[in-house]
Amino acid sequence: MEKKPFDYNSFIGMILLGAIMLWYFQTNKPEIEPEKTSTEQIIDSTKNNVVENKVIENTAIIQNDSIQNVALTNKFGAFAYSAVNGKEGSTTIENNLVKLTVDNKGGQISVAEIKNYQTYDSLPLYMIKDNNASFNINFGTTDNRILNTTDLFFEPNLTKNGKNQILSMKLKVSETQFLEYRYEIKPDEYMVDFTIRSQGLNNVFNSSNPINLDWTLNGYRHEKSIYTENTMYSYYYFKSDDEVDYLNAGNTEVVNDLDWVAYKQHFFTSNLLTDTPFNNATVTSTDLVNDEKLDTVFTKKYELKTPLALTAGELNYNMKWFYGPSDYNLLSSDQYKGTDLEEIADLGWGIFGFLNRTIFYPVFNLLKGLMSNYGLIIILMTIVVRILMSPLVYKSYVSSAKMKVIRPELQALNEKYPGKENAMKRQQETMAIQRKAGVSMMSGCIPALLQMPIFFALFKFFPTNISLRQEGFLWAPDLSSYDVIFNLPFDIPFYGDHVSLFPILASVAIFFYMKMNQSQQMSMQAPPQEGMPDMSKMMKYMIYLSPIMMLVFFNRYASGLSLYYFVSNLLTITIMLVIKNYVIDEDKIHAQIEENKKRPEKKKSKFRQRIDEAMKQAQEQQARQKK
């Protein structure tokens, strides 16, 4: 058998094939992971837990939302829709006069700022801020729930109609069922249109339960004198049965046919007006100032509680908000014609208000159009008033001169009929002398009485005229409030804790006026008769008492008022001196009286006859009693 020779090629091939197989197995063997440290094990464990927790958390959120929805449904019923979809927030609407912020929760005004005005300490003037007000509608639902709009969220929608801004706030039951508050603010107006209406809620409202509107406000202090702001000029005004009335603090009234209410705070007011009058409405005013040193934030609390009526199962009320100044010129303009809002400007009642409306405001407005210094306006206005009143001063002086001429005759009459037993006879003869001389005691009193309405009318005019607010003159920074030249370290009852200069000047002027007027009044008085009070002594007391009363009383009042009385008394003194020295001629008056005595006595009137008969009977009765 032939031996097969060694094949080198095959041997080399086998070696190459073995090397390839060895490389293949080495490169594809499984990797052995190194042992992890404890830190790496914790990290991996945490990653796994996060994934697991996310799954659990998402599941919990879904479960919590479901639980919350169930809770809101149980609490609000059909109105859970707004509670679920509602969001915190607010919307602002404004013009160049007023700025209002409306909160989503409750749909109510949460901030009301009156622009172009500041508080006494130069801060922005807010009527509403920091939850001092609440506007709420309380109603029942057909699923036996009692709800308040202040607890629910409204959905805002701000649009424009020309220059008007319209804010719709909807409290939704669904997209087509809602309660809407609609605010519309116009340029250059304090009045804001406000509508309350519902849509599709006739099956939601429970008509057997009353629907009540509650509006409350704690009035912020705005003026320097909290005493005058709170005590004298802050009232609850309302128009009921076509008459405007006001409510003092601490009182409550139930009124019908209510057209509007006004929460007045001296120079500013918060008003709610309605086209559909409220019936069975309760108005309440509460004084919040117990101590003027401590209670310095709020003055009064105002409340309105009134039921709202459903029309075909729905609410539909057209109203208006007014946040602005209680300015007579503004409120009496054509813009507010027919509302009677000018009544809250507080010009006084009866003849006093009539004088302010027909004389003093027209004169003041005329002077205001000519100059800008309000101190000078007051002085010029005082001059105009005193000139108009000068005929009355002249009339009084003529009567005084006549009484001075016949005074010796009256003195002789007292000596002729002395004693109490001749009192009636003495009185008869006195009246006869006066009648023959053409002198009447009332002719001297009437001019003085006619000036009293002017005094009281101006007492209302100056402190309530907003044009004088924060207008300075000389040392007084605000003519609508008191001026201060010195602060006292203590408080004097009825006087205050400061010293005002204008009241001092007015008191000095009235002292000299009364001192000068005393001689005139004494000459007008008949000689004192026996058993009758001596008026001269009372007048001497009044010379000192009246200036002191003015000094104390006016120390906390408007400096513009004290300025007026100071200038007025100076002018009156001047007019009296002119009349006395250059106008009245006592010799002519005496001659006229003598001429009157020569004339035949006029036939007595029936009134005079009755008086003479009564005096004659009294004299006869006195004689019988004496016997």
Side-chain angles (χ1 to χ4, degrees), residues 106 108-109 112 127-128 131-139 148-150 181 190-192 194 196 209-222 229-290 295 298-309 315 317-326 331 336 338-349 353 464:
Q108 61 181 326
I109 298 173
M127 304 300 288
I128 298 177
N131 300 316
N132 71 313
S134 174
F135 184 85
N136 178 56
I137 295 179
N138 174 274
F139 59 93
N148 295 291
T149 55
T150 52
Y181 293 170
Y190 288 102
M191 196 81 82
V192 177
F194 177 61
I196 298 176
N209 289 334
I211 299 178
N212 295 312
L213 183 152
D214 298 334
W215 180 37
T216 63
L217 181 140
N218 290 347
Y220 279 112
R221 172 193 178 185
H222 296 137
E229 178 181 7
N230 184 52
T231 306
M232 299 295 296
Y233 307 111
S234 292
Y235 294 100
Y236 192 134
Y237 284 88
F238 58 90
K239 184 179 180 182
S240 174
D241 295 321
D242 289 328
E243 292 185 0
V244 178
D245 202 353
Y246 69 93
L247 190 69
N248 286 315
N251 293 328
T252 298
E253 286 189 21
V254 178
V255 294
N256 291 315
D257 195 28
L258 186 67
D259 291 330
W260 53 256
V261 296
Y263 300 167
K264 187 196 176 187
Q265 302 166 237
H266 199 169
F267 287 117
F268 302 95
T269 179
S270 307
N271 301 354
L272 177 63
L273 302 86
T274 175
D275 291 347
T276 305
F278 301 137
N279 286 310
N280 200 34
T282 303
V283 293
T284 305
S285 178
T286 306
D287 193 350
L288 301 180
V289 180
N290 295 318
D295 305 324
F298 300 108
T299 56
K300 283 183 172 60
K301 180 178 182 179
Y302 306 92
E303 298 177 84
L304 167 68
K305 298 180 183 295
T306 182
L308 300 179
L315 284 175
Y317 278 83
N318 292 321
M319 303 182 184
K320 288 180 173 62
W321 290 109
F322 177 92
Y323 292 99
S326 54
L331 299 177
Y336 303 100
T339 63
D340 292 328
L341 286 176
E342 70 274 8
E343 294 290 334
I344 67 177
D346 195 17
L347 302 185
W349 55 272
T464 60

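The first residue in the sequence is number 1, and the count goes up from there.
- Of all heavy-atom pairs spanning Ser270 and Gln265, the tightest one is OG-OE1, 4.4 Å.
- Inter-residue side-chain proximity for His266 and Thr299 is flagged as unmet; no heavy-atom pair is nearer than 4.5 Å.
- Residue Asp275 comes nearest to Pro277 through the heavy atom pair O-CD, 3.4 Å, listed as atom of the first residue, atom of the second, then distance.
- Taking every heavy atom of both residues into account, Glu303 and Thr286 meet most closely at OE2-OG1, 4.4 Å.
- Across Gly324 and Tyr190, no two heavy atoms sit closer than the pair CA-CD2, 3.7 Å.
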Side chain to side chain donor-acceptor pair (under 3.5 Å) between Asp214 and Asn138, intermediate numbers included: CA-CA 8 Å; Asp214 298 334; Asn138 174 274; over 6 Å; no
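- There is a side-chain donor-acceptor pair under 3.5 Å between Asn271 and Thr269.
- Remark: side-chain polar atoms of Asn136 are paired, donor with acceptor, to backbone N or O of Thr149 under 3.5 angstrom.
- Residues Leu217 and Asn132 meet the side-chain proximity criterion, which asks for heavy atoms closer than 4.5 Å.
- The six-membered or imidazole ring of Phe135 lies near that of Phe194, with a centre-to-centre distance under 6.0 Å.
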Full working for side-chain contact (heavy atoms from CB on, under 4.5 Å) between Phe322 and Thr339: CA-CA 12 Å; Phe322 177 92; Thr339 63; over 6 Å; no
Phe298 vs Tyr220, ring pair (Phe, Tyr, Trp, His ring centres under 6.0 Å): CA-CA, chis, key distance, verdict: CA-CA 4 Å; Phe298 300 108; Tyr220 279 112; 4.9 Å; yes
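- Residues Leu213 and Met319 form a side-chain contact, since some pair of their non-hydrogen atoms from C-beta on lies under 4.5 Å apart.
- Scanning both residues, Asp340 and Trp260, for their nearest heavy atoms gives O-CZ2, 3.6 Å.
- Here the straight-line distance linking atom CG of Asn209 with atom CZ of Phe139 works out to 11.0 Å at 0.5 Å rounding.
- A donor-acceptor pair under 3.5 Å links the side-chain atoms of Asn279 to the main chain of Asp257, judged by distance alone.
- One finds the OG1 atom of Thr274 at 12.5 Å from the NZ atom of Lys239 (value rounded to the nearest 0.5 Å).
- Side-chain N or O atoms of Tyr302 include one that pairs as donor or acceptor with a backbone N or O of Lys264 at under 3.5 Å.
- Among Tyr235, Tyr237, Tyr236, the single residue meeting the side-chain contact (heavy atoms from CB on, under 4.5 Å) criterion with Leu247 is Tyr236.
- Residues Asp346 and Met232 approach most closely at OD2-O, 4.3 Å, considering heavy atoms.
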Criterion ring pair (Phe, Tyr, Trp, His ring centres under 6.0 Å) on Tyr263 and Trp215, from CA distance to verdict: CA-CA 11 Å; Tyr263 300 167; Trp215 180 37; 4.1 Å; yes
Asp259/Asp242 under side-chain contact (heavy atoms from CB on, under 4.5 Å): CA gap, chis, key distance, verdict: CA-CA 8 Å; Asp259 291 330; Asp242 289 328; 3.8 Å; yes
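- When the shell of 6.0 Å around OH of Tyr317 is examined, it contains more than 12 heavy atoms from other residues, nucleotides or ligands.
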Stepwise ring pair (Phe, Tyr, Trp, His ring centres under 6.0 Å) test for His222 and Phe267: CA-CA 9 Å; His222 296 137; Phe267 287 117; over 10 Å; no
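- A donor-acceptor pair shorter than 3.5 Å can be found between the side chains of Asn230 and Lys300.
- The aromatic rings of Trp321 and Tyr323 lie parallel to each other, with less than 30° between the two planes, well short of the 60° mark.
- Looking at heavy atoms from C-beta onward, Leu304 lies in side-chain contact with Leu258 at the 4.5 angstrom threshold.
- The distance from the CG atom of Asn251 to the CG atom of Asp287 is 11.0 Å, given to the nearest 0.5 Å.
- Summarising the geometry, atom CD1 belonging to Ile344 is positioned 11.5 Å from atom OG1 belonging to Thr464; distances are rounded to the nearest 0.5 Å.
- Between the Thr276 side chain and the Asn318 main chain, no donor and acceptor come within less than 3.5 Å of each other.
- The shortest distance between side-chain heavy atoms of Met191 and Leu341 falls below 4.5 Å.
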